[in-house]
Each structure stands twice: as C-alpha cells, then as structure tokens.
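Sequence lines set the chain letters: A, B, ... in the order given, protein chains first and strands last, and positions in each chain run from 1.
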Number of protein chains: 2
Amino acid sequence: MPAGTLQKNGLKVTPQRVAVLEAINSSDNHPAADEIIDFISRHHPNIGKGTVYRVLETLVNRGIISRVKTDSGIMRYDPITARHHHLYCSNSERIEDYDDKELNIILDNYFRKKKIKGFMIEDIKLQLIGKFTETRRSKNHKKGQIRNNLK
Amino acid sequence: MPAGTLQKNGLKVTPQRVAVLEAINSSDNHPAADEIIDFISRHHPNIGKGTVYRVLETLVNRGIISRVKTDSGIMRYDPITARHHHLYCSNSERIEDYDDKELNIILDNYFRKKKIKGFMIEDIKLQLIGKFTETRRSKNHKKGQIRNNLK
DNA sequence: TTCCTAAATAGGACTAATTCCTATTTATAA
DNA sequence: TTATAAATAGGAATTAGTCCTATTTAGGAA
C-alpha cells in the first residue's frame, strides 16, 4: 500500500519512503519525528535521520500525510488526510482523531453563507481541548519520549 | 496596563515581565519568542533570553497570554485570551485572529447535545486555513525571521 | 524609609529538534 | 543495460528552547 501511494503521487518508490509511511501508519498517536526515527531504525538501521525529515517534508508537500499542530513545539505527523479534527488532552501529549460528518456539514454551511473578509477558506480544523476519561487502546509502537511541556 | 495585568494576577511587577507584555501587545502577528526577544533587546539589552522564555511560561500558566499552535514547530504567542479562533495562511507564516460569537454559539450548542465518548471538552478552537486576499495592515515591530517552512 | 526574604533575573552553558551539506547510491525511463 | 536526475547516508551545523547558579530585586513588614 505505501508503494502504491507513492507511485500515485509521482514519487520514486524508495525503501526509505516506504519505511516512513509504514512507521506513521502503524503508530496510533500521531508520532513525532523522533518516534518515527526510532521505529524505523529498529527495522532499517541505516536510514539516516536527515532522510526521515526530508521524506516527511516531501510527504507533507504532496498531501500524503499532514502535520499536527501542537503546543509543545514538537512536530507530529498524521497519516490521515481525509478531513478530520483532533482531540487534545489538556494535561498530556495525547492527541486523538475526531471524525464528525454532521459537524463538517454544519461548518461548511456556516462558512458558505458567512464569508470572512479578506480570507479564502481552504480547510477548517477543530481543536477540541479537554480531558480524556478513558485510557488509550494501544496499538504497537513504543511510546515516544515527547518532551513534556507541563510542570 | 501591563503592570496592572501583572498585579491583578498576583505576579510581581518586574521590568522584564512588563517588557514581555509590551512586546506581545505591540506585535500584530502573534510573535514567536525569537521576535519578542529581538524587540525587547532593542529597548532593554540586558534582559536575558532565558528570562523571556520563563516569563512567557509564567504568563501562559496564569492565562494572561496563550500559545498559538503552528505547523512549523515554532511556538507563537497571543495576547488575547478571550475565546477566539485563528486564520492561518496556507503559504506564509501569517496568522490572524478571528472572532465570531455566532459561530461560538453554534459550536457550543452542537457539543452540548453531541457528547464525545471518553472526552470532556474544555475549549474549542477553530483553525481556518486558507489564503489572505488583503495585505496586512501593519503595526510597528520588525517583521520576524520566522523560519519559512515552505519551499 | 529601611530591611528581609522569597521570588525573579542574567547570562551563558547545555540539550535536543531540525536543517544542511556533499559524496555516494539508486529508481526509473529509455 | 545504461544514463541521469533524484534521493540517501551520515554527520556537522544550526537554533529553539531549557537549565543552572550567583546575584539582584519587588514588595511586604517593621
């Protein structure tokens, strides 16, 4: 699947790019570059750190993955490019996806009527900040050492 | 005004804190720490970088300013803490505030009815990504060297 | 006003995320 | 198979942000 994604986007299919896509797809927590590098280096010890950053940039530019805005200054990556929103934990680094078609329709309708002067909307993302009341259903991956921004 | 803000929040009124507040208030583009430091160092060459970061953290913790999430991994700061949203330029680092009471009401109503399983909402922020069709009405400040994340 | 003390700062070293560089390798088209 | 533009390795360089401690200071108490 990763190879197909690359081809479809007119990118050379390199093992490095495939590995980055695999790493992101297999994570369940919008991994930071650091975690992606760790994951990859377990399987492909010779893939360079610089390469991972470069591949991530390429994938973002092609719209194959997207960056997730965080408060900690560390970039995180998201394999899903279909429209969705994010739930941010207000006292940890946890971020989860949030899909809501009904909400999207409401937002689209709202902004179809209400234009913003001097601005053309291309995308609308909600950041829902709050507290998770359930622990995460974990996937694979080692939990990353994302710098803790709290006290 | 900055001094009053500090007092109201039970913070000692130091020249450093006042200077940081002035720097943020006088910027019109949600400055990064880097720009705040530049601005301050023109007027107060002896205020340390570490101090600026520490003051920013204090102010954020007290809710006097807030952090703005960006895609570039560089933190930016916002003097407004009343609820508002942000317009992000999709091909520059420009960020503008966006206030919309009507939208807030719609969102609040929506999420009052529709609970998200396993998540308690504390705050809702919209990121509107798109293109500005008017140039910025500039204020003072030197335009910062925010790292350009594009090609 | 002066004194006291907890709190805050200077400023430079340090850390870690990200970028940059170039010789080498490689995916793909012909 | 070959040519070549594109991509990578690997490590140095950069830089946003943090940390440390000796020194200074804001603000309350006397």
Side-chain angles (χ1 to χ4, degrees), chain A residues 2-21 31-38 40-41 43-62 67-77 93 144-151, chain B residues 2-21 30-38 40-41 44-62 67-77 93 144-151:
Chain A
T5 305
L6 293 168
Q7 271 176 335
K8 248 182 297 178
N9 284 275
L11 293 174
K12 281 192 188 177
V13 179
T14 68
Q16 293 84 353
R17 285 171 173 169
V18 171
V20 169
L21 280 176
D34 179 46
E35 294 168 86
I36 294 168
I37 291 166
D38 279 359
I40 287 178
S41 66
H43 306 290
H44 312 274
N46 295 329
I47 292 183
K49 191 173 48 151
T51 300
V52 173
Y53 278 102
R54 192 172 3 78
V55 168
L56 287 169
E57 168 127 32
T58 303
L59 297 177
V60 169
N61 287 340
R62 297 289 174 133
R67 293 192 220 266
V68 180
K69 295 171 168 61
T70 76
D71 263 357
S72 74
I74 293 173
M75 198 54 54
R76 291 169 71 174
Y77 294 89
E93 297 298 326
Q145 316 31 22
I146 293 181
R147 188 197 320 166
N148 189 345
N149 200 41
L150 309 166
K151 293 261 193 26
Chain B
T5 304
L6 293 169
Q7 272 175 335
K8 248 183 297 177
N9 283 275
L11 293 175
K12 281 191 187 175
V13 179
T14 68
Q16 293 84 352
R17 285 171 174 169
V18 171
V20 169
L21 280 176
H30 306 81
D34 180 45
E35 294 168 87
I36 295 168
I37 291 166
D38 280 359
I40 287 179
S41 66
H44 311 273
N46 295 330
I47 292 183
K49 185 173 58 146
T51 299
V52 173
Y53 278 102
R54 193 173 359 81
V55 168
L56 286 170
E57 168 126 31
T58 303
L59 298 176
V60 169
N61 288 341
R62 297 288 175 136
R67 291 193 221 266
V68 181
K69 295 171 169 60
T70 74
D71 264 359
S72 75
I74 293 172
M75 199 54 55
R76 291 168 69 174
Y77 295 88
E93 298 298 325
Q145 331 9 36
I146 292 182
R147 188 196 321 166
N148 188 346
N149 201 41
L150 308 167
K151 294 261 196 22

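Residue whose closest nucleotide on DNA chain C sits further toward the 5' end, between A:Thr51 and A:Lys12: A:Thr51. Mapping B:Tyr77 and B:Val13 onto DNA chain D by nearest heavy atom places B:Tyr77 closer to the 5' end of the strand.
In this model, the phosphate group of C:dA10 is approached by a side-chain N or O of B:Gln16 to a distance below 4.0 Å at OP1 or OP2. A close approach under 4.0 Å does not occur between any side-chain nitrogen or oxygen of A:Gln7 and OP1 or OP2 of C:dT28. The side chain of B:Tyr53 contributes no N or O atom lying less than 4.0 Å from OP1 or OP2 of D:dT18. At C:dT9, one or more side-chain N or O atoms of B:Thr14 fall inside 4.0 Å of OP1 or OP2 (strictly under the cut-off).
Rounded to a whole Å, the CD atom of B:Glu57 is 12 Å from the C1' atom of D:dC19. Distance CD1 (B:Ile36) to P (D:dA16): 13 Å, rounded to an integer number of Å. Following rounding to the nearest Å, A:Asp34 (CG) and D:dG17 (P) show an atom-to-atom distance of 17 Å. Atom CG of B:Asn46 is separated from atom C1' of D:dT25 by 15 Å (rounded to the nearest Å). Rounded to whole Å, the distance from CG on A:Leu11 to P on D:dT8 is 10 Å. Per the geometry, CZ belonging to A:Arg17 stands 11 Å off P belonging to D:dA6, to the nearest Å. To the nearest angstrom, P of D:dT25 lies 18 Å from CG of B:Leu6. Between the CD1 atom of A:Ile37 and the P atom of C:dA16 there is a distance of 14 Å, given to the nearest Å.
Listed nucleotides C:dA8, C:dA10, D:dA9 differ in distance to B:Ile47; the shortest reach to its side chain belongs to C:dA10. For B:Ile74, the side-chain atoms get nearest to D:dA16 when compared with the rest of D:dA16, C:dA10, C:dT18.
At a threshold of 4.5 Å between non-hydrogen side-chain atoms, the residues B:Leu6 and B:Leu59 count as touching.
The base of C:dG11 does not come close enough to the side chain of B:Lys49 for any donor and acceptor atom to sit less than 3.5 Å apart.
Contact record, B:Arg62 with B:Asn9: NH1-O, 2.8 Å, taken as the closest heavy-atom pair. Closest approach of A:Ile74 to A:Ala32, counting heavy atoms only: CG2-CB, 3.8 Å. Residues A:Tyr53 and A:Ile37 approach most closely at CE1-CD1, 3.9 Å, considering heavy atoms. Closest of all the heavy-atom pairs between B:Met75 and B:Arg67 is SD-CD, 3.4 Å.
Within 4.0 Å of B:Arg54, counting heavy atoms only, lies at least one base atom of the nucleic acid. Within the 4.0 angstrom heavy-atom criterion, no nucleotide atom of any strand lies near A:Pro45.
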